[in-house]
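Counting starts at 1 for both ligands and their atoms, in listed order.
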Amino acid sequence: MDLLKDFGSRVFSDDIMMKHLPSEIYNSLKKSIELSLPLQPEIASIIAAAMKDWAIENGATHYTHWFQPMTGITAGKHDSFISLKSGEIEFEFSGKELIKGEPDASSFPHGGLRNTFEARGYTVWDCTSPAFIKGKTLYIPTAFCSYNGEALDTKTPLLRSMEVISEQAIRILRAFGNDNTTQVIPTVGAEQEYFLIDRQNYEKRLDLKICGRTMFGTNPPKGQEMDDHYCSRIRIRISDYMYELDKELWKFGIGSKTRHNEVAPAQHEMAPMFESCNVASDHNQLTMETMRTVAKEKQLACLLHEKPFAYVNGSGKHNNWSLSTANGKNLLDIGKTKKENLQFLVFLCAVIRGVDMHAGLLHLTAASAGNDNRLGAQEAPPSIISIFLGKHLTDILNNIACGKSISDENDTDVLVTNVHTLPNLPKDDSDRNRTSPFAFTGNKFEFRMLGSSASISLSTTVINLIVAESLEYFASIIENSDNFDKAIIDIIEETMKKHGRIIFNGNGYTASWQEEAKKRGLSNLKNTVEAAGEFINEKSVKLFEHFNVLSRCECQARYEIMLGIYCKTLSIEANTMLEMVNRQILPAVIRYANEISKTYIYMDKCGVRNDSLKDTLKSLSKSIDDITNAKDLLKASVEIKDFNNKLEKAQHYCNSVLNLMNSLRESVDKVEHIIPKDKWPMPSITDLLYRV
Ligand code: ADP
Ligand code: MG
């Protein structure tokens, strides 16, 4: 019961606001949130005072404007509430301080959007996401933009895209006779995968500490081939962690709902209850931070990297997305009447059309150096973008497109079980083979390409926009037609004819799908460098510009930031490998070679010539050469600096540095097999995966 009482106890929630604010102030804040209107300064002052009193009552001494720069993580500087008034120190927090902050923006990625002499950036309170207390600090979710108003974060475009899709969705609802709904909200539930390993082992691996993933390490004798980890019994140390994590998340009002073991050893998953997409985005960031801090307290390390271990599955994040009216009606729910179902099909078609038209851009939202390690392998969706709809829905759409009518009754397929004790169930059409990157799962879509460490902001922004663009197109067709039913049928027909190629209900891991997708001309971007280009292609720029979400300049800036982060990530990984090889791995191999040669000589002196020892020595000697050559080549490649532009540099990292990193790893892993465990300078992958 206490746990329930604690739910949201650290949040300046709707209930708390209602309790602490005069009713006219509360109502005017709610109105500003619903209609996206600016807050009056007098009202902001009253809210700020109430927020400060509540925060201090709950132990806070500082506040921070919490924002999400384009580093993919969160940031904020902390100010205390103290202020000097007539010679006395007191706690104060003004409306101005609540609404707007001015952090120095010069140290955050901006992709050339501002000069260092114009270092100012603004943080602006996002009153649609609740403030909360973490530690002794009041966190105020904010959007972050430059002096000239350009977005410098991931939240500003997300908030803009929410307004855009709401406006277009309402046009469709109006066309279907709904005159009441004033706001449509994209909802998101972000399933989060992660690894948990023992902290002591983690501390002993430079690659894990610096890069978040192992850069070396031999295949463990047992990986995931027995299929015995997924949803298996949760070990006590892990369930203790999960309990503590849930307790913390619940205090932040995060509805952590489902937890289970994932496919790889030491891998787990958490799924939260869904909510408005910008709150879900803030909450996912907070979830990742909390996962890490709770792990540290429990002498564990939580790995959120997409591919911490080479030989077992990596981790992803599923962005479950739907649209809801302000009073909670899910617009992707199948209805009971013909009209409801036609409306559902229009929203469905908007997703189909949007994904087909902007598949590359969607891929871009999941692309990162980390995620390149898993996308397209048989553990994550293929890099071909397609939509899973299920046979039932695909048939319905095809039938309508071919001129067959839709029945008045909902004709859900029935799965006949033929077992008397089991009831007949509605046929569950949702995609259980998990190979589809974009699957309809009953009453929502699930975008499954995201990497585990990614922010969900950009992918959600893009889904909102590509769907909004199609809703806008459909709304014009319906509004300009004098035959409502025919307009809807035309929309479905056109969608299936022009964009039906994106629908694929089969197994995405097969070679035949690769062939088929090529014939269909579907997007199949191979890596982050290819995907980044989608930010500046004309179609994407027009989409962002059309809805005033990003300008051409801002798209270019984001493209450059993306390539920059890609190069920096690989450069850090390569340098970490070099450091480990030079200062840990090569010395260990040489020490062992020394030991073997001494043993060989001593044995020889005793009259025993051992050729096996000599062979081992030869292998060690060859390894020393191979590793030295590989690391020298890598070093030379990382040191190349003269590139004409960011793209050329990123291509160099993708085509040269990455391959050399792989061959260095190969030569190191070969020798790890022959060095005794107590002589290897770091815990092995087996130690990492099986010690908890
Ligand atoms: P499963 O994928 O196993 O069927 P669920 O349907 O329970 O699981 O949901 C998986 C995730 O999808 C959860 O995080 C949940 O909150 C989210 N989700 C469910 N319904 C919606 C919705 N209408 N909008 C957004 N996310 C949703
Ligand atoms: Mg899922």
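Residue Ser324 does not touch ligand 1, judged by heavy-atom distances below 4.0 Å. With a heavy-atom cut-off of 4.0 Å, Thr187 touches ligand 1 through backbone and side chain alike. Contact annotation for Met273 and ligand 1: only backbone heavy atoms (N, CA, C, O) come within less than 4.0 Å of the ligand.
Each of the following atoms of ligand 1 lies closer than 4.0 Å to a heavy atom of Asn330: 23 (N). Ligand 1 places these atoms under 4.0 Å from at least one heavy atom of Pro272: 13 (C), 14 (O), 15 (C), 16 (O).
Remark: of the listed residues Gln168, His358, His546, His358 is the sole one forming a side chain to side chain donor-acceptor pair (under 3.5 Å) with Glu469.
A distance-only check finds no donor-acceptor pair linking the side chain of Glu248 to the backbone of Val294 [under 3.5 Å]. No donor-acceptor pair under 3.5 Å is formed between the side chain of Ser166 and the backbone N or O of Ile185. Looking at Glu446, its side chain never comes within 3.5 Å of a backbone N or O of Asn320 through a donor-acceptor pair. Within the 3.5 Å criterion, the main-chain N or O of Tyr230 finds no donor-acceptor partner in the side chain of Gln267.
Under a 4.0 Å heavy-atom criterion, Thr441 is not in contact with ligand 1.
Using a 30° and 60° split on the angle between ring planes, Phe309 and Phe195 fall in the perpendicular class, above 60°. Between Trp66 and Phe132, the ring planes are perpendicular. Angles over 60° get that label, and only those under 30° would be called parallel.
The closest heavy-atom contact to atom 25 (C) of ligand 1, among the options Asn320, Leu332, Asn443, comes from Asn320.
Where the criterion is an N or O separation shorter than 3.5 Å, residue side chain and backbone included, Lys444 meets it with respect to ligand 1. Here's the thing with Ala271: none of its N/O atoms is less than 3.5 angstrom from an N/O atom of ligand 1.
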